[in-house]
Amino acid sequence: MSGFEPDHQFRSLTPREENAKSNVVIAYIFMLLGIFTGVFWLIGAIWAMVKISDARSTKFEDHYANIISTFWWGIFWGIIGVVLALFFIGYFILFAVWVWSIFRMVKGIARATSNQSYRDMFNPF
């Protein structure tokens with residue numbers, strides 16, 4: 001045994017899971033482009049909202065929930081940041097939302113391309 005044998009713990013994805021994975025990676029890419037252009041942020045979120053039903057009961061379903069939640073929380077805090085920009089504190093909020101969004105999108109792409117769910121289920125037993 002050379003230590004380079006494949007790990008049989010990982011199974012290949014079904015066609016339905018492959019489709020869910022492809023769509024979630026597309027949505028993540030749109031969201032990342034949207035960090036810089038704006039319009040793609042909306043396109044990525046809509047893509048995830050439309051395609052989430054295709055990912056029900058797959059390990060990629062929580063990636064769609066992550067994208068949708070990041071979109072709505074980003075909109076919420078973005079509006080608050082714009083309003084508070086009159087008092088300068090809003091710029092810090094907008095920057096924090098920008099960094100937080102990038103982190104969630106990069107983490108999501110990394111986990112999706114590794115065939116992992118966004119959130120690991122914690123099981124202490």
Side-chain angles (χ1 to χ4, degrees):
M1 295 285 210
S2 65
F4 292 105
E5 288 78 25
D7 187 359
H8 296 290
Q9 160 185 346
F10 299 105
R11 63 174 177 78
S12 61
L13 298 175
T14 66
R16 183 168 176 260
E17 288 174 325
E18 280 291 341
N19 186 39
K21 176 183 172 181
S22 298
N23 284 323
V24 83
V25 169
I26 289 169
Y28 277 131
I29 290 170
F30 277 140
M31 292 290 283
L32 277 174
L33 289 173
I35 292 290
F36 304 105
T37 63
V39 71
F40 287 113
W41 178 264
L42 179 64
I43 292 170
I46 291 171
W47 185 270
M49 290 177 202
V50 169
K51 296 294 186 175
I52 192 169
S53 61
D54 296 344
R56 295 280 183 222
S57 302
T58 68
K59 67 173 85 176
F60 300 104
E61 182 176 8
D62 64 343
H63 285 281
Y64 290 90
N66 172 53
I67 291 169
I68 294 166
S69 140
T70 302
F71 172 75
W72 287 114
W73 280 110
I75 293 292
F76 174 76
W77 286 108
I79 290 170
I80 289 175
V82 167
V83 169
L84 292 178
L86 298 170
F87 305 105
F88 194 70
I89 188 73
Y91 293 109
F92 293 112
I93 293 171
L94 291 171
F95 180 73
V97 169
W98 189 71
V99 170
W100 172 77
S101 298
I102 290 172
F103 171 77
R104 288 180 62 124
M105 296 302 108
V106 170
K107 177 184 174 186
I109 286 178
R111 293 191 62 83
T113 56
S114 297
N115 296 336
Q116 298 174 346
S117 64
Y118 184 77
R119 294 173 191 88
D120 283 334
M121 300 301 286
F122 177 72
N123 185 359
F125 303 105

With a 4.5 Å cut-off on side-chain heavy-atom distances among I, L, V, M, F, W and Y, is there a chain of contacts connecting W77 to W98? no
Closest contact, heavy atoms only, K21 versus T113: NZ-O, 3.8 Å
Following the transitive rule for hydrophobic clusters with a side-chain heavy-atom cut-off under 4.5 Å over Ile, Leu, Val, Met, Phe, Trp and Tyr, establish whether V99 and F36 coincide in one cluster. yes
Minimum-distance pair of heavy atoms, taken over all atoms of G78 and L94: O-CD2, 3.6 Å
Centroid-to-centroid, W73 to F76, below 6.0 Å? yes
Looking only at heavy atoms, which two atoms of V24 and A112 are closest? And how far apart? CG1-CB, 3.9 Å
Side-chain contact test, heavy atoms from C-beta onward, threshold under 4.5 Å: evaluate it for N23 versus Y64 and give yes or no. yes
Quick one: do V106 and M31 end up in the same hydrophobic cluster if we chain Ile, Leu, Val, Met, Phe, Trp and Tyr together by side-chain heavy atoms under 4.5 Å apart? yes
Nearest 0.5 Å, please: how far is CD1 in I68 from CD1 in I52? 4.0 Å
Angle class for the W41/F71 ring planes (parallel below 30°, perpendicular above 60°, tilted otherwise)? tilted
For the side chain of D62 and the backbone of Y118, is there at least one donor-acceptor N/O pair under 3.5 Å apart? yes
Would you kindly confirm whether F87 and V83 end up in one hydrophobic cluster when ILVMFWY residues are joined by side chain heavy atoms under 4.5 Å apart? no
Search all heavy atoms of R111 against all heavy atoms of H63 and return the closest pair with its distance. CB-CE1, 3.9 Å
Going from CD on E17 to CZ on F60, what distance comes out if it is rounded to the nearest 0.5 angstrom? 6.5 Å
Search all heavy atoms of A27 against all heavy atoms of G44 and return the closest pair with its distance. CB-O, 3.7 Å
So, do I43 and L33 sit near enough that their side-chain heavy atoms are less than 4.5 Å apart? no
The reported gap from CH2 in W100 to CD1 in I93 (rounded to nearest 0.5 angstrom) is 13.5 Å
In one Ile/Leu/Val/Met/Phe/Trp/Tyr side-chain cluster, 4.5 Å: V39, V82: no
Is there side-chain contact between Q116 and K59, with heavy atoms separated by less than 4.5 Å? no
Quick one: pull up OG1 in T70 and CZ in F103 and give me the separation to the nearest 0.5 Å. 10.5 Å
Could you grab the distance from atom CZ of R56 to atom CZ of R16, nearest 0.5 Å is fine? 10.0 Å
Within this structure, what is the CD1-CG distance for the pair I75 and L42, rounded to the nearest 0.5 Å? 7.5 Å
Report the C-alpha separation of Y28 and N66 in whole Å, then their side-chain angles, then the decisive distance to 0.1 Å, and conclude whether the side chain to side chain donor-acceptor pair (under 3.5 Å) test is met. CA-CA 10 Å; Y28 277 131; N66 172 53; 3.1 Å; yes
Has W72 got more than 12 heavy atoms of other residues, nucleotides or ligands less than 6.0 Å from its CH2? no
Write down the atom of S101, the atom of I35, and the distance for their closest heavy-atom approach. CB-CD1, 3.7 Å
